[in-house]
Trainee: 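Encoded as structure tokens, here's the structure I'll be asking about.
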Protein chains: 2
Amino acid sequence: MKKNEQKLMQARADMFKALGHPARLAMVIALGEQSLCVCELQKIVESDISTVSKHLSVLRSAGLVESDKQGKQVFYSLRLPCTLGFVRCVDKALAERGY
Amino acid sequence: MKKNEQKLMQARADMFKALGHPARLAMVIALGEQSLCVCELQKIVESDISTVSKHLSVLRSAGLVESDKQGKQVFYSLRLPCTLGFVRCVDKALAERGY
DNA sequence: CATATACTTGGTCGTTTTGTCAAACATCAA
DNA sequence: TTGATGTTTGACAAAACGACCAAGTATATG
């Protein structure tokens, strides 16, 4: 594999990796419906607020979500809606295995 | 989040996580073309054969690929072709950022 | 049977990721 | 300004990951 091809593959993999955590994936799926502030996202994943914030920063570095400060709240929104399409396909596969 | 919902989210995340490594992703993309034996996959990722084998076992546990022993070779094939669709979407997003 | 080939598994070790706490920061309201 | 609220950041320990080597299993072949 050539060097620039490796870099591209790494960049792609980083996106998948960011989604490879149940809390982060749950937040991304929730953001598929609407933008949400950190406090609302925390209710979804039920973790320490600092943990939630760090997960969000992982998603943001990967370019999957973007943040928008409104007053003292920060709203996150989904930048890559096609993620949801893949989740649906994954769900179909999981359903075949009894999920 | 309820317990079974958490399990589902974990299973989904495991799929993403399995794809979150450049070697594994490269192999999955290659398998999108055709089934390949471990030896051919090794040529693609250029790692130790034992490393390749372990990566493949991660992909298999996640349900992304399946294996089929033919003689002394083991052929792997892609179980979730929709993965490639998401890769294309990721590539579009990466392209917008200069890749 | 003995050997070679194709692959998997176990062990080790350095690196990365996670979660938590405390502290910092930003914004609003009294 | 002071305090309350919402979020981020730094530090640190525990856990998971990734790569390599060695050893193990399975299958074909001489």
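All of these numbers come straight from a predicted model, not from anything done at the bench. Just so it is clear: chains get the letters A, B, ... in the order the sequence lines come, proteins before strands, and each one is counted from 1.
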Trainee: Could you pull out all donor-acceptor pairs under 3.5 Å where a side-chain atom in residues 36-47 of chain B meets a protein atom, sequence neighbours excluded?
Mentor:
residue, atom, partner, partner atom, Å
B/E40, OE1, B/C37, N, 3.1
B/Q42, NE2, B/S47, O, 3.0
B/E46, OE1, A/M1, N, 2.9

Trainee: Do B/V65 and B/L80 come within less than 4.5 Å of each other through their side chains, counting heavy atoms only?
Mentor: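 In short, these two side chains do not touch, never coming nearer than 4.5 Å.
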Trainee: Taking the nucleotide of DNA chain C with the nearest heavy atom to each, does A/T51 or A/K17 sit closer to the 5' end?
Mentor: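 Checking each residue's closest nucleotide, the 5'-ward one belongs to A/K17.
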Trainee: Output every pair passing ring pair (Phe, Tyr, Trp, His ring centres under 6.0 Å) with a member in residues 44-69 of chain B, not counting sequence neighbours, ordered by first then second residue.
Mentor: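 Found B/H21-B/H55.
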Trainee: Kindly compute the distance separating CD (A/E33) from CG (A/L84), expressed to the nearest 0.5 Å.
Mentor: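 Between A/E33 CD and A/L84 CG, I get 8.5 Å after rounding to 0.5 Å.
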Trainee: Give the table of side-chain donor-acceptor pairs shorter than 3.5 Å for residues 66-73 of chain A, with sequence neighbours excluded, one pair per line with atom names and distance.
Mentor:
residue, atom, partner, partner atom, Å
A/S67, OG, A/R60, NE, 3.4
A/D68, OD2, A/Q70, NE2, 3.0

Trainee: Give B/Y76 one of three labels, base, sugar-phosphate or nothing, depending on what nucleic acid heavy atoms sit under 4.0 Å from its own.
Mentor: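 Counting heavy atoms under 4.0 Å across all strands, the contact made by B/Y76 is with sugar-phosphate only.
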Trainee: So where does chain A start and stop touching DNA chain C, 5' to 3', when the test is distance under 4.0 Å to a non-hydrogen atom?
Mentor: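 Going 5' to 3' along DNA chain C, contacts run C/dT17 to C/dC28.
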Trainee: Taking the nucleotide of DNA chain C with the closest heavy atom to each, which residue, A/G20 or A/K72, is nearer the 5' end?
Mentor: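 Between the two, 5'-proximity favours A/G20.
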Trainee: Under 4.0 Å from a heavy atom of chain A: give me the 5'-most and 3'-most nucleotides of DNA chain D that qualify.
Mentor: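 Span of nucleotides near chain A: D/dT5 to D/dA11.
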Trainee: Show every disulfide bond (SG atoms under 2.5 Å apart) that has at least one partner inside residues 61-99 of chain B, sequence neighbours left out.
Mentor: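 Matches after skipping sequence neighbours: A/C82-B/C89, A/C89-B/C82.
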Trainee: Determine which pairs satisfy ring pair (Phe, Tyr, Trp, His ring centres under 6.0 Å) with at least one residue from residues 79-99 of chain A, sequence neighbours left out, and list them in order.
Mentor: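 Every pair satisfying ring pair (Phe, Tyr, Trp, His ring centres under 6.0 Å) with a residue in residues 79-99 of chain A: A/F86-B/F16, A/F86-B/F86.
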Trainee: Applying the side chain to side chain contact (heavy atoms under 4.5 Å, CB included) criterion to A/L64, which one of A/L59, A/L31, A/D14, A/V58 satisfies it?
Mentor: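 By the side chain to side chain contact (heavy atoms under 4.5 Å, CB included) criterion, A/L64 pairs with just one of A/L59, A/L31, A/D14, A/V58: A/L59.
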Trainee: Within residues 52-69 of chain A, find the residues that approach DNA chain C with a heavy atom at under 4.0 Å, and present them sorted by residue number.
Mentor: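 Within this stretch, A/K54, A/H55, A/K69 sit under 4.0 Å of the strand.
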Trainee: Taking only heavy atoms on the protein side, list every residue of residues 21-49 of chain A lying under 4.0 Å from any atom of DNA chain D, sorted numerically.
Mentor: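 Going residue by residue through residues 21-49 of chain A, the ones with a heavy atom under 4.0 Å of DNA chain D turn out to be A/C37, A/V38, A/C39, A/I49.
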Trainee: What's the separation between atom CG in A/L56 and atom OG1 in A/T51, rounded to the nearest 0.5 Å?
Mentor: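 Rounded to the nearest 0.5 Å, the CG-OG1 separation comes to 11.0 Å.
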Trainee: Scan residues 26-48 of chain B for pairs that pass ring pair (Phe, Tyr, Trp, His ring centres under 6.0 Å), counting only residues two or more places apart or in two chains.
Mentor: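 For residues 26-48 of chain B, and leaving out neighbouring residues, there are no ring pair (Phe, Tyr, Trp, His ring centres under 6.0 Å) pairs at all.
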Trainee: Would you say the side chain of A/N4 lies within less than 4.5 Å of the side chain of A/L8, judging by non-hydrogen atoms?
Mentor: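 No. Closest side-chain heavy atoms not under 4.5 Å.
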Trainee: Enumerate the residue pairs fulfilling ring pair (Phe, Tyr, Trp, His ring centres under 6.0 Å) with a member in residues 56-77 of chain A, sequence neighbours excluded, ordered by first and then second residue.
Mentor: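 Checked against ring pair (Phe, Tyr, Trp, His ring centres under 6.0 Å) - neighbours excluded - no pair reaches residues 56-77 of chain A.
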Trainee: Tell me, which pairs form a side-chain hydrogen bond (donor to acceptor under 3.5 Å, both in side chains) where one or both residues lie in residues 81-98 of chain B, sequence neighbours left out?
Mentor: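 The answer is A/R12-B/D91.
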